Amino acid sequence: MALDLRALQKTVALGHSRMARIEAELNAADAVLGDGDTGSMLARVLERMAAVDLSRCPDLGTAFAELAKATLFATGSSLGTLLATALLSFSKASSGQESVTSARLAEMLEQAIVAMMQRGKASLGDKTILDSAKAIAARLAASESGMAAAAAAGAQAALEQFLPAPCKVGRARMFPEKSRGAHDPGMLALWLLLKPETRTDGHCKEP
Amino acid sequence: MALDLRALQKTVALGHSRMARIEAELNAADAVLGDGDTGSMLARVLERMAAVDLSRCPDLGTAFAELAKATLFATGSSLGTLLATALLSFSKASSGQESVTSARLAEMLEQAIVAMMQRGKASLGDKTILDSAKAIAARLAASESGMAAAAAAGAQAALEQFLPAPCKVGRARMFPEKSRGAHDPGMLALWLLLKPETRTDGHCKEP
Amino acid sequence: MKKLINHPADYVDELLEGLVLANPSLRREGASGRVICRAHPGRSGKVGIVSGGGSGHLPLFTGYVGEGLLDACSIGNVFEGPNAGSCMEAIRLADHGAGVLCLYGNYGGDRMNFDMACELLAGEGIPTLTVLGTDDIASASPTESEKRRGVAGIVYAYKAAGAAAESGANLEEVARVARKAVEATRTIGVALTPCRVPTSDVPNFQIGNDEIEMGMGIHGEPGIWRAKLGKADAVVEEMWERLLADRPIGAGSRVSVLVNGLGATPLEELFILYRRTHQILSGQGITVVQPLVGNYVTSMEMGGASLSVHLLDPELEELLLASARCPFWKI
Amino acid sequence: MKKLINHPADYVDELLEGLVLANPSLRREGASGRVICRAHPGRSGKVGIVSGGGSGHLPLFTGYVGEGLLDACSIGNVFEGPNAGSCMEAIRLADHGAGVLCLYGNYGGDRMNFDMACELLAGEGIPTLTVLGTDDIASASPTESEKRRGVAGIVYAYKAAGAAAESGANLEEVARVARKAVEATRTIGVALTPCRVPTSDVPNFQIGNDEIEMGMGIHGEPGIWRAKLGKADAVVEEMWERLLADRPIGAGSRVSVLVNGLGATPLEELFILYRRTHQILSGQGITVVQPLVGNYVTSMEMGGASLSVHLLDPELEELLLASARCPFWKI
Ligand SMILES: Nc1ncnc2c1ncn2[C@@H]1O[C@H](COP(=O)(O)OP(=O)(O)O)[C@@H](O)[C@H]1O
Ligand SMILES: Nc1ncnc2c1ncn2[C@@H]1O[C@H](COP(=O)(O)OP(=O)(O)O)[C@@H](O)[C@H]1O
Ligand SMILES: [Mg+2]
Ligand SMILES: [Mg+2]
Ligand SMILES: [Mg+2]
Ligand SMILES: [Mg+2]
C-alpha cells in the first residue's frame with residue numbers, strides 16, 4: 001500500500017464530497033465552546049482543495065504544496081492554518097517522490113506534528129488534532145494493510161480516548177469541565193472525514 | 001350641576017386612578033397605525049396632573065392653568081399638547097370663576113376646539129379628539145342632569161359614530177382603509193377616561 | 001427585547017447625563033434638563049439653529065450640536081415631541097442676537113410645541129423662522145409633500161444651515177438655505193426588526209422572522225409593502241427606483257448619499273448597501289460626493305436602514321464640505 | 001436573524017468593496033482583495049503598522065486605517081483569521097523602509113497567520129515586530145495574562161503606536177509604546193443577544209430572553225456567569241469591580257475609558273453605561289480623559305457592551321491626544 005498522486009486526489013475528493021453532510025455537525029460541535037465555524041471553514045477549504053488538479057503535479061511534494069496554498073488562501077482559522085502547516089511539512093518531506101509507503105507517511109506525520117506544535121504552541125495531550133495525528137501516525141506505522149483503515153482507526157481511537165479529557169487550548173481552555181465529554185471539533189472533523197463509508201444497507205466498506 | 005375646584009380635582013383623580021387599567025389598551029390602539037404611546041403618555045400626564053393640589057387655587061382659571069403647565073412639562077406628544085392647548089383655553093375662559101355650569105362648560109369647550117384646531121391644523125371630521133370634544137360639547141349644552149354623564153355620552157357617541165370613518169390626520173392618514181373600523185386612540189382615551197364606572201356586579205354607577 | 005437600562009422612567013435623563021459627561025463640548029440646560037446646547041456658544045451676531053424631537057434617535061438630535069451645525073436642541077421623551085417649555089429654553093440659548101431658525105422633522109407633536117414656543121418668544125423679542133424636514137417619500141404622495149415626515153435626510157439640512165449661519169448669513173438667508181437643502185433631499189427606509197420604547201412591554205410593531213417592510217417610518221409607522229426579505233441588492237434597487245422617480249436626477253449631477261443604519265443593522269451591511277448604491281448612481285452618470293455610511297439617525301435597537309439622496313448645486317456642495325464638528329460628525 | 005445581504009459567500013468581498021467606495025482614504029489591495037491600506041501611504045521612513053483579523057467587527061479592523069493609526073490591514077472571513085497570504089501583502093504595503101509592527105488581537109488563527117507571514121517576509125528583508133492585544137480580563141486569569149484575547153481595548157494600542165510611528169519613532173520604539181499601551185489597558189464585556197455568521201443558519205450562541213452573560217467574548221466565547229438581566233448600573237458596577245481588581249488604579253490617576261457597543265446596543269444605552277462609569281471613577285478620585293462612547297469594535301448584530309480602561313501616564317496621554325484621522329475616528 002502506498003500513497004500516490006491519484007490516491008491523494010481521491011482522498012481530497014472524498015473529503016470534499018462528505019463536507020455537505022458533516023458541515024452542520026462540525027459547526028455545532030465547535031459552537032459548544034468555540035465560535036461554531038469549524039464545519040463552514042472546512043467546507044471552504046475542501047472546496048478549494050478539490051479544485052486543485054493534482055494530476056498535473058510532477059511529484060507528491062508539489063501536490064502537497066498546492067494543497068497547502070489552496071488552504072492558505074481559503075482560510076485564516078486555527079485549524080485551517082495548522083492543516084496548511086502540516087501540508088507544507090508533508091511537501092518538504094515528499095519532494096521529488098511519486099509515492100510514499102504507509103511507514104513513510106507515519107514518519108512524515110510525526111514531523112508535521114512537530115511543525116504544528118511550533119506554529120500553534122499547543123502540546124500533545126491538549127485534546128486537539130495533534131492528538132488525532134499522533135494516533136493516526138502510530139496506526140500507519142504499524143499497519144500492513146490499508147492506509148485509509150489505519151487513518152480512520154487512529155482518528156477514532158483518539159476521539160474516544162480524549163472524549164472525557166478536558167480541553168487545554170483555544171477558547172475551550174477556560175472551561176475544562178464543560179469540555180469534558182464534548183468532542184473537540186477538530187478531532188471530530190478528522191474522524192468524520194476519514195471514517196469508512198457507511199453503505200445504505202448498513203454494511204461498511206473501505207473508502 | 002356645576003364644575004368647581006373640588007369636582008375638577010375629583011375628575012383628575014378619577015382619570016389618574018383609571019390609567020393603570022387602560023394604559024395598555026390605549027397603547028395597543030395607537031400601535032395599530034401610530035407609534036403605540038398614547039397610553040404611556042397619558043399615564044405620565046395624569047400622574048403629573050394628579051400631583052397638582054388644586055385646592056390652593058383661587059379660581060378655576062388658575063386651576064386649569066396649573067393643569068396645562070403640568071401637561072406641558074410632562075409631554076410633547078400631539079395629544080398631550082392639544083390637551084394643554086384646551087386647558088389653556090379653559091383657563092382664559094374661566095379666569096376669576098369658582099365654578100361653571102354645564103352650559104358654560106359647553107361654550108368653553110367650543111372655544112377650546114377652535115384653539116386646538118389652530119394648534120393642530122386638523123378639522124372636525126378628521127376622526128380625532130376634536131370630534132369627541134364636539135360631541136361632548138353638544139351633550140353638555142343640552143344636559144340638565146349630570147355633567148359626567150353628558151361627557152361620557154358625548155365621548156361614546158363620537159367614538160361609535162367615527163369607528164367606520166377613515167382617519168385623516170397624523171400617521172394613520174396614509175392608511176385610510178386600515179383606519180376604518182379601528183378606534184382613534186385619542187377618541188378611545190376620552191371614552192375610557194370618561195365612561196361611567198362599571199361595578200364588579202355588572203351594574204353601572206355614575207362616576 | 002432586552003435593554004441595558006435602569007428604571008424606564010429615568011431613561012432619557014440618564015442618557016442625557018451620560019451624553020454631556022462624555023462630551024465636554026455639550027452642556028445640559030433647562031428647568032427639567034431637556035435641553036442640550038454648545039458648551040462654548042456661537043459668536044454674538046450668529047443666527048442660532050435649534051432642533052429637537054423625541055429621544056431614541058441618537059446621534060439625532062442632541063449629537064448634532066456643535067460648530068457648523070446646531071446651537072441647541074430640545075429633547076422629549078422617547079418618540080415624543082419635546083415639550084413647549086424646553087423648546088423655549090433651547091431657542092433662548094441659541095439666540096445670539098440675530099434670531100433663531102427652528103429646524104426639525106415634520107411631526108405633529110414637535111410642530112405644535114415649537115410653534116407654541118415661537119409664539120411665546122415673539123413676545124420676548126426673539127425672531128424665529130421655522131423650516132421642517134420632510135424627506136421621507138414613503139410618508140405622503142408628491143402632491144402632499146408638505147405632509148411628509150422628516151427622517152435621516154435632516155442631517156443635510158443641519159449641515160447646510162449650520163454652515164450658512166457660521167459664515168455670517170442672516171436669519172432669512174439661513175432659512176432659505178435650510179429650505180433649499182430640505183427640498184434637495186429625499187429618503188426612503190426599510191425596516192427588518194422593531195424596537196421597544198423603554199416604558200412599554202411590547203415592541204413597537206410586529207414583523208415576521210423573514211420579512212422586510214419597505215417605507216416604514218422611524219417610529220414604526222406603516223410603510224408601502226411588506227414581504228419576504230430577499231437579496232440586499234434588490235432592496236437597494238427598489239429604493240433607488242422610488243427615490244429617483246420622486247425626484248429625477250440627471251446624468252452629470254452631483255449628489256451626496258447617506259446610507260443610514262436604524263440601530264441594530266451592522267456597519268458591514270450598510271457598506272453592502274452602499275456598494276450597490278454606488279453602482280446604480282455611477283451607472284446613471286451621477287457623481288457621489290462625500291457619501292455618509294453609518295448610524296446617523298436611529299430608532300434605538302430597530303433593524304433596517306434608510307437611503308437618502310441630497311442633490312447638490314455649487315452652493316449646497318460648498319456648505320456640505322464646510323468644516324463642522326459635533327460629537328458624531330467631523331468634517 | 002435577518003440580514004440585509006446578498007449571497008453569504010460574497011459578504012466580505014462586497015462589504016470591503018462598499019467600504020472603499022465610500023471612503024476614498026482607503027484602498028483595497030491583495031491578490032484576493034483582502035487587504036485594506038491607506039490611499040495615500042505614510043511617508044518614507046515611517047514605521048508601518050499593520051493589523052488584521054476576521055471580518056464582522058467593523059469599524060475594527062479596516063476602519064482604523066488612516067493617518068496616526070494603521071497603515072494596512074489584512075482581513076479574513078467572518079470571525080476567522082486573515083490568511084497568511086493577505087498578512088504578507090498587508091505587511092509589504094505598510095513597509096516604508098523602517099520595518100513594520102504587527103499589532104493585532106491574541107487569537108490562534110490570527111497569530112499563526114501573521115507569524116507565518118513574518119517568517120516568510122524576514123527572507124525578503126522586511127523587519128517585523130509583533131505586539132498582541134490581550135485586554136480581555138475575562139478570557140484568562142491574571143497569572144496567564146499572555147493568554148488573554150484582544151478585544152475593544154486594542155484601539156488604544158492602535159492610537160499610541162500610530163501616534164509614535166507618525167512622530168518618527170523607530171520600530172523598537174513603536175513596539176515598546178504598543179506594548180505599554182496594551183499593558184495599560186483592560187476590558188470586560190457583557191453580552192445580551194447573539195449574532196449570526198452569514199454562512200451559518202443559527203446564532204453563534206443561545207441565551208434566554210431575560211439573560212445577560214458577564215465576560216463573554218466578541219465571538220460568543222463563554223464568559224464568567226449568566227443570569228437574569230438586572231439594572232444597568234449594577235452591571236456597570238460589577239464590571240468596574242472586576243476591572244479595578246485586575247488592575248488597581250489609585251486616586252489621582254488619569255485614564256481614558258471606552259464604552260463600546262457590540263453592534264445592536266443603542267447609543268442611548270451606552271451613555272447610560274457611561275454615566276455610571278463616570279460616577280464610579282470620579283468617586284474614586286480618578287480623572288477621565290477623552291472618553292470614547294460608541295461602536296468601536298462590534299460583532300455584527302450582537303447585543304451588549306464592553307468597558308475598557310486605559311491608564312494614562314504623560315507619554316500615553318500625549319499619544320492619545322495626538323491628531324489622527326480614519327473613517328471612524330478623528331482627533
Ligand atoms: N493551537 C492549536 N494547536 C492545535 N490544534 C488547534 C489549535 N487551535 C485550534 N486547534 C484545533 O482547531 C480546532 C478549531 O478549529 P476552528 O473552529 O476551525 O478554528 P477557530 O478556533 O479559528 O475558529 C480545534 O478543535 C482544535 O482541534
Ligand atoms: N393634529 C391633531 N389634531 C387633533 N387631534 C390630534 C392631532 N394629532 C393627533 N391627535 C390626536 O392625538 C392622538 C394621538 O396621540 P399620541 O399617540 O399621544 O400622540 P403622538 O401621535 O404624538 O404619538 C390621535 O389619536 C388623535 O386623536
Ligand atoms: Mg471555530
Ligand atoms: Mg402615538
Ligand atoms: Mg408619540
Ligand atoms: Mg473561527
Side-chain angles (χ1 to χ4, degrees), chain B residues 23-28 30-45 47-48 68-86 88 115-122 126 128-129 167-179 182 186, chain C residues 8-9 30-32 34 52-56 74-88 107-117 119 138-141 144 146-149 194-206 215 217-224 299:
Chain B
E23 179 175 342
E25 182 176 355
L26 291 175
N27 283 342
D30 189 30
V32 175
L33 290 168
D35 60 354
D37 62 357
T38 305
S40 306
M41 186 278 296
L42 276 178
R44 214 164 345 99
V45 167
E47 172 116 31
R48 288 260 204 162
K69 236 197 295 181
T71 305
L72 281 178
F73 270 93
T75 185
S77 69
S78 314
L79 184 56
T81 309
L82 288 168
L83 190 62
T85 303
L88 283 173
M116 288 191 285
M117 284 170 62
Q118 276 168 356
R119 178 62 62 216
K121 312 251 185 317
D126 284 353
T128 70
I129 51 161
C167 172
K168 293 189 191 142
V169 294
R171 311 195 156 107
R173 164 182 53 81
M174 286 293 284
F175 312 92
E177 288 321 308
K178 282 198 200 171
S179 66
Chain C
S32 40
R34 292 302 180 86
S55 292
S74 52
I75 188 82
N77 294 308
V78 174
F79 293 179
E80 217 180 271
N83 66 54
S86 65
C87 293
M88 288 180 68
Y107 292 93
D110 305 34
R111 227 186 47 223
M112 293 183 212
N113 283 281
F114 269 108
D115 282 353
M116 271 181 132
E119 287 164 26
S139 58
S141 68
E144 293 194 309
E146 77 292 346
K147 287 195 179 169
R148 288 181 171 173
R149 347 171 245 248
C195 60
R196 181 170 65 79
V197 174
T199 49
S200 164
D201 294 328
V202 293
N204 63 335
F205 61 90
Q206 298 287 337
I218 56 174
H219 308 97
E221 298 93 336
I224 299 166
S299 291

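We name chains A, B, ... by the order of the sequence lines, and we start the count at 1 in each one. These numbers come from a predicted model, not from an experiment.
- The two residues B:Ser78 and C:Gly109 make their nearest non-hydrogen contact at OG-N, 3.3 Å.
- Contact annotation for B:Ala28: neither backbone nor side-chain heavy atoms come within less than 4.5 Å of a heavy atom of chain C.
- We find the CD-CG distance between B:Gln118 and C:Asp115 to be 11.5 Å, quoted to the nearest 0.5 Å.
- At a 4.5 Å heavy-atom cutoff, the contact between C:Arg111 and chain B is made by side-chain atoms alone.
- When heavy atoms are compared at a cutoff of 4.5 Å, B:Thr75 approaches chain C by way of both its backbone and its side chain.
- Looking only at side-chain heavy atoms (C-beta outward), C:Met112 and B:Thr85 stay at 4.5 Å or farther from each other.
- Expressed to the nearest 0.5 Å, how far CG of C:Asp201 lies from CG of B:Asn27 amounts to 9.0 Å.
- Screening C:Asn83, C:Asp110, C:Asn113 for a side-chain contact (heavy atoms from CB on, under 4.5 Å) with B:Thr81, the sole residue that qualifies is C:Asn113.
- Proximity to chain B is limited to the side chain of C:Asn77, based on heavy atoms less than 4.5 angstrom apart.
- Comparing B:Gly120, B:Ser77, B:Ala43, B:Ala24 by how many heavy-atom pairs each has under 4.5 Å with chain C, the most go to B:Ser77.
- Closest non-hydrogen pair, B:Lys178 versus C:Pro222, comes out as NZ-CB, 4.3 Å.
- For chain B, the nearby part of C:Glu119 is the side chain; its heavy atoms alone come within less than 4.5 Å.
- Contact of C:Ser200 with chain B is not made at all, since no heavy-atom distance falls under 4.5 Å.
- Surrounding CD of C:Glu146 are more than 12 heavy atoms belonging to other residues, nucleotides or ligands, all under 6.0 Å away.
- Using a 4.5 Å cut-off on side-chain heavy atoms (C-beta onward), C:Met116 and B:Leu88 make contact.
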